[in-house]
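Only this structure's heavy atoms are used, side chains among them; waters, hydrogens and symmetry mates stay out. Atoms within each ligand, like the ligands themselves, are counted from 1 in listed order.
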Amino acid sequence: MSTTETAALERLKTALGPKGWTTDPAEMAPHLVEWRDLYQGRAAMLLKPASTAEVAQAMAICAETGTPVVPQGGNTGLVGGGIPFAGGEEVVLSLSRLNRVRELDPLDNTITVEAGCVLAAVQAAAAAADRLFPLRIGSEGSCQIGGNLSTNAGGTAVLHYGNTRELVLGIEVVLADGRIWDGLRRLRKDNTGYDLKQLFIGAEGTLGIVTAAVLKLFPKPRDVQVAVAAVTDVRAAVALLSLAREASGDRVTAFELMPRMGLDYVLRHIPGTIDPFAARHDWQVLIELSGGQAGGQMRATMEALLEAGMERDLVVDAVLAGSQAQAAQLWRLRDAMSEAQKPEGGSIKHDISVPVSRIPDFIDQASRAVIRLIPGTRIIAFGHIGDGNIHFNPSQPVGADRQWFLDQWEEVSHLVHDIAASLGGSISAEHGIGRMKREEIVRYKPAIELELMRRLKRSFDPQGILNPGKTIPS
Ligand SMILES: Cc1cc2nc3c(=O)[nH]c(=O)nc-3n(C[C@H](O)[C@H](O)[C@H](O)COP(=O)(O)OP(=O)(O)OC[C@H]3O[C@@H](n4cnc5c(N)ncnc54)[C@H](O)[C@@H]3O)c2cc1C
């Protein structure tokens with residue numbers, strides 16, 4: 001380490017005090033590796049500021065000394081964006097100690113929270129005030145609001161409530177030079193020029209450090225009905241979604257696709273899960289309808305929808321949850337679909353989106369192409385079909401060598417991404433770019449978009465110290 005680097009670290013230690021930093025390998029270890037072990041890195045120090053002012057002080061020192069900074073929330077990201085590189089000269093800046101709910105206003109229907117608040121804690125704070133914060137993702141017990149904003153997280157309620165981007169009214173950000181932008185407005189309407197907060201949302205820590213946000217709250221739904229319907233095929237699932245939106249007055253709060261093989265994995269590996277159907281069906285969808293009134297019409301609406309689906313030969317069988325516990329059991333089948341893939345060996349992950357109407361074509365074309373390339377590959381295509389977002393995860397053939405299969409990641413991904421692009425889709429629907437897709441986006445994004453991204457990066461972070469090597473292609 002050079003004398004300048006050592007001097008920078010000494011200044012950071014003094015500014016943040018003994019609780020605000022560590023170089024203890026055991027304490028740093030979980031911040032240097034991603035949960036699937038796909039990415040590992042090293043860092044000169046872990047910074048743990050406790051306030052926006054401390055984040056600003058730390059950034060000012062990093063700017064003066066040219067120290068590269070990797071912002072980190074709950075470290076549940078799936079594209080390696082929060083993990084430092086192997087060089088060891090970066091510092092990781094954890095937002096975990098900025099974890100206060102600053103204010104909740106039931107009349108404005110807003111909650112103002114610091115970046116390090118865990119998503120589940122924000123959901124609970126909203127619920128305690130008889131409100132709903134609708135962002136719902138599998139990692140909600142660990143991921144943090146700052147990470148959710150920085151990745152523009154999606155999840156299972158996007159269909160009705162929108163992505164994180166649509167749930168944010170205001171934002172507080174520490175800029176690359178250490179200045180604080182207090183944009184914590186609660187306005188539903190504000191047409192005073194560029195909507196700057198949106199630039200930081202989904203920027204994966206490359207343009208600034210999010211320290212707080214004003215989030216939208218909603219009335220709590222009082223009548224939530226959950227069903228799993230076995231459908232004739234994926235085309236029938238898309239048609240059923242359209243029917244569900246019409247029949248419920250657009251009260252579909254989740255519509256999730258589950259393939260038979262994915263369900264088999266869950267039933268095999270996740271204790272306590274039960275097959276909802278006596279017979280085997282290739283495709284099923286989990287449907288959630290939510291209404292505002294307790295004891296309202298949603299049950300009748302769901303029953304009518306399933307009946308109409310059967311009459312039109314879209315639905316072949318259906319199970320409607322009779323209690324909250326049963327609804328939770330049905331949700332468990334969907335929620336466990338990611339973790340159930342691990343024990344089956346290597347899995348090549350994709351997070352694509354296409355227009356909803358093109359999903360059947362995408363699944364059909366991509367499945368055939370991958371199986372042609374690697375015969376015996378088991379295709380697990382599941383997820384947020386209501387948003388046109390499919391997690392398309394080819395699983396290794398039974399008995400194949402895991403590493404041999406994973407070594408074909410790039411070839412498989414190009415096939416899958418080319419098909420998504422040819423159908424007007426995106427190669428990253430909700431997980432972001434990070435390290436994983438940084439060079440891959442060059443194949444698909446128009447040159448003019450890449451140029452504008454690079455220009456923005458240069459104007460917000462001229463020294464390139466904010467999360468270097470992530471999101472913006474080299
Ligand atoms: C089981 C599981 C299920 C998941 N399901 C979904 C899902 O349904 N939908 C979905 O969208 N994602 C999902 N994810 C991915 C992940 O949980 C989300 O991307 C989440 O929003 C990341 O939040 P985090 O706090 O863990 O961020 P981190 O992983 O810590 O960081 C993610 C990125 O944001 C940057 N960052 C973090 N905090 C800040 C900050 N305060 N300011 C600036 N930059 C920051 C980091 O540098 C990094 O680039 C899932 C992950 C897991 C493990």
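With Asp105 as the fixed residue, the salt bridge (Lys or Arg N to Asp or Glu O under 4.0 Å) test singles out one of Arg186, Lys216, Arg131: Arg186.
Using a 4.0 Å cut-off between a side-chain N of Lys or Arg and a carboxylate O of Asp or Glu, Lys470 and Glu204 do not qualify as a salt bridge. The existence of a salt bridge linking Arg102 and Glu172 is confirmed by a sub-4.0 Å separation between a basic side-chain nitrogen and an acidic carboxylate oxygen.
Ordered by chain and residue number, the residues placing a heavy atom less than 4.0 Å from ligand 1 are Trp35, Pro71, Gln72, Gly73, Gly74, Asn75, Thr76, Gly77, Leu78, Gly81, Gly82, Leu95, Ala115, Ile137, Gly138, Ser139, Cys143, Gln144, Gly146, Gly147, Asn148, Ser150, Thr151, Ala153, Gly154, Gly155, Glu204, Gly205, Gly208, Ile209, Val210, His384, Glu430, His431, Asn467.
No more than 12 heavy atoms of other residues, nucleotides or ligands lie within 6.0 Å of CD in Gln324, so this atom counts as exposed by the packing criterion.
Gln396 and Arg402 share no side-chain donor-acceptor pair at under 3.5 Å.
A cation-pi geometry, defined here as NZ or CZ lying under 6.0 Å from the six-membered ring centre and within 45° of its normal, does not hold between Arg245 and Phe255.
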